[in-house]
Amino acid sequence: MTDPLIRLASLAKVYHMGDVDVHALRGATLDIAAGDFVAVMGASGSGKSTLMNILGCLDRPSSGAYRLDGRDVSGLDRSELALVRNRTIGFVFQSFNLLSRTSALENVELPLLYAGVGNRERHARAHEALQRVGLGDRVDHHPNQLSGGQQQRVAIARSLVGRPRLILADEPTGNLDTRTSVEIMVLFQELGRSGITIVLVTHEADIAEYAARVIVMRDGLVREDRRQTPRDAAATLAAWPATEPEPVAPVAGGAP
Amino acid sequence: MSPLQTLRVAIRAILRNKLRSLLTALGIIVGVGVLIAISAVGEGAKQNVSDKFASMGSNLLIVLSGSASTGGSRGGSGSMPTLTWDDLQAIQNECSAVRRAAPALRTRVSVVSDEQNWSTEVQGTTPDFFIIREWQTTSGVIFTQADTDDGTKIAMLGRTVADKIFPGMADPSGATIRIKNIPFLVGGILAKKGQNPMGQDYDDVVVVPLKAYQRFIAGGFNAYINGAILVNSYSPEATARASTQVSRLLRDRHRLVDGLDDDFSVRNLTEMVQAQVEGVETVAMLLWITAAVSLLVGGIGIMNIMLVSVTERTREIGLRMAVGATPGQILIQFMTEALTLAVVGGGLGIAMGVGSAMVLAWWLGWSVLIRPEITLLAFGVSAGVGLVFGIYPAYRASRLDPIDALRYE
């Protein structure tokens, strides 16, 4: 494997806000190998959100090159980017972004609808994805019948149902309590072991501990890039103090 | 995404706000409903008028003699016979737009059966008369050209006459009647035509062959036609042309130099039908405008609610884009929604229009006519309204930036 999954070369992004130019990225250069588990950290305004948006093909760089899976995607138009997102990338958001009044199964099926997957296969794959995140018995539940952790699991199932090479998670534990956060990290580590590349934005240092590589952004540049031995989320969960109450009440989720 | 999936998503979005969707579609429902109801009533009225005139014979011109003027007192049309048998022949042969011409000599006499007598109009003519008037028999047969030429004493009775002089007899064909004391065989009974547009009874008539009329009723051959010439043209379009041709021919034959009035008159019944139909159409036009305005308002309502819907669902749109919906797919999604709303509204409107037309027919006794092509048109118009007014909101949705949309509160 010679080519990394992601290769960014002097990536810059300038926003024009009226008369002022805001330099969100000032030439970030970065390689991410397939199967890596990367945590991106940084203060607000550091450029990490912009980086994520460009990595996720939701936005285009002002200059510099972005090769994803061996293909230059920096010059694609909106429709082509949509196709890349559909085929290659899965998203997990802080606020889950599940469709309300729509069952877990149908939420998970959404990417496959746009991929044009037929009914039978779509159902089967969505079931499989929900099983994988431990919600095989909740397929017909609507988001408002699920706890925050469960909603985020549905979102993760949705992100992986299209068999992406890359999952981008933007503060996935930001709306969850500590224990549920660790449960979610168990899931991400499992997905990482199955070969999916995971890039996770977080500002919580203890969440970043579960990643194999930590990148710190500041002023639109990669300022720190270190490898570490990831903490084992499953082991952490097993050793969780029994005195602590189980999370029961559904957390209010910001479903659209 | 397959069209079926797109439609499912659209229907679900519409049903999510049932009352709002219904109120939105109301403009279309009313517009289409009014459109259907008007066209049903308008077409019914038109049909009514043209049916009435059709009973006189279609594409019909009536040529009448001129008026006699004696010392300032003018007798009115037909009071001075000016039309000759040669005129009739010439109309028949020289006017290209004329298909048939038949004389109609008439007088009022008493007709007598064994039981009853009845004063009625007796007309002497040729078999073409029945073709021009589109008049069939309910029993017996119409006399032939040979009967006309030979002066056979056959009488065709109008339904009214038959009822008056043969009361209680369904079919008096074969019986004998006397006209001016001459026995005539009843050849047949003419189909009921009812009233003419002026309210006269068409069926109060006896028709006999021309020669027999001249010989036994008019008391001899007259060089002038004491009555009218009925002319029919090849088509409704040809009627006006036939009218001009006949006028020109007669002026020519009667040697009327420029400046002299016609000594005859040509009445164009098609024009009279058209005048009546135009009256109906003027009223209908006003209502059509009402329907169009209602549809316009309905369209604006759809646009408004679609814009609200796009705003409300900004995050949903952002999410759909993030998981791979192209701008085109988003556009089609919202277009489908607007279209579905409009078409369902159109469907309800058609049901409402047909329903109210039927109520009018039953309640006020109006004749209504629901033409399938109007229904189809109404359907098409509502779909068109959905497309036209749905395109802008859908375009707005498709242009949303997924990042902003996902962050939208």
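Naming convention: chains lettered A, B, ... in sequence-line order (proteins, then strands); numbering from 1 in each chain. Every heavy atom of this structure was used, including side-chain atoms; hydrogens, water molecules and symmetry mates were not.
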### Query
Could you walk me through whether B:Gln5 and A:Asn119 pass the side-chain contact (heavy atoms from CB on, under 4.5 Å) check?
CA-CA 10 Å; B:Gln5 289 294 345; A:Asn119 280 348; 3.3 Å; yes
### Query
Quick one: which residues of residues 286-312 of chain B reach chain A at under 4.5 angstrom, heavy atoms only?
none
### Query
Which bit of B:Arg16 is near chain A, if near means a heavy-atom gap under 4.5 Å: side chain, backbone, both or neither?
both
### Query
Which of residues 324-331 of chain B get closer than 4.5 angstrom to chain A, counting heavy atoms alone?
B:Gly324, B:Ala325, B:Thr326, B:Pro327, B:Gln329
### Query
Roughly how far, to the nearest 0.5 Å, is CG of A:Leu110 from CZ of B:Arg320?
5.0 Å
### Task
For chain A, find its close neighbours in residues 375-393 of chain B: heavy-atom separation under 4.5 Å, sorted by number, or none.
none
### Task
With chain A as the partner chain, list the residues of residues 396-406 of chain B whose heavy atoms fall under 4.5 Å from it, by residue number, and write 'none' if nothing qualifies.
B:Ser398, B:Arg399, B:Leu400, B:Asp401, B:Pro402, B:Ile403, B:Leu406
### Task
Specify the closest pair of heavy atoms between A:Phe91 and B:Ala322, including all atoms of both residues, with the distance to one decimal.
CE1-O, 3.3 Å
### Task
Just do the side-chain contact (heavy atoms from CB on, under 4.5 Å) check on A:Arg158 and B:Leu319 with the steps written out, would you?
CA-CA 11 Å; A:Arg158 182 182 63 197; B:Leu319 176 76; 3.2 Å; yes
### Task
Check each atom of A:Glu106 against the heavy atoms of chain B and say whether the ones under 4.5 Å are side chain, backbone, both or neither.
side chain
### Message
Quick one: does any side-chain atom of A:Asn86 pair with a main-chain N or O of B:Val323 as donor and acceptor, under 3.5 Å?
### Response
yes
### Query
Would the number of heavy atoms belonging to other residues, nucleotides or ligands and lying under 6.0 Å from CZ of A:Arg78 be above 12?
yes
#### Entry: Proximity breakdown for A:Arg101 and chain B, heavy-atom pairs closer than 4.5 Å
both
### Interatomic distance, B:Glu316 atom CD to A:Thr102 atom OG1 [nearest 0.5 angstrom]
7.5 Å
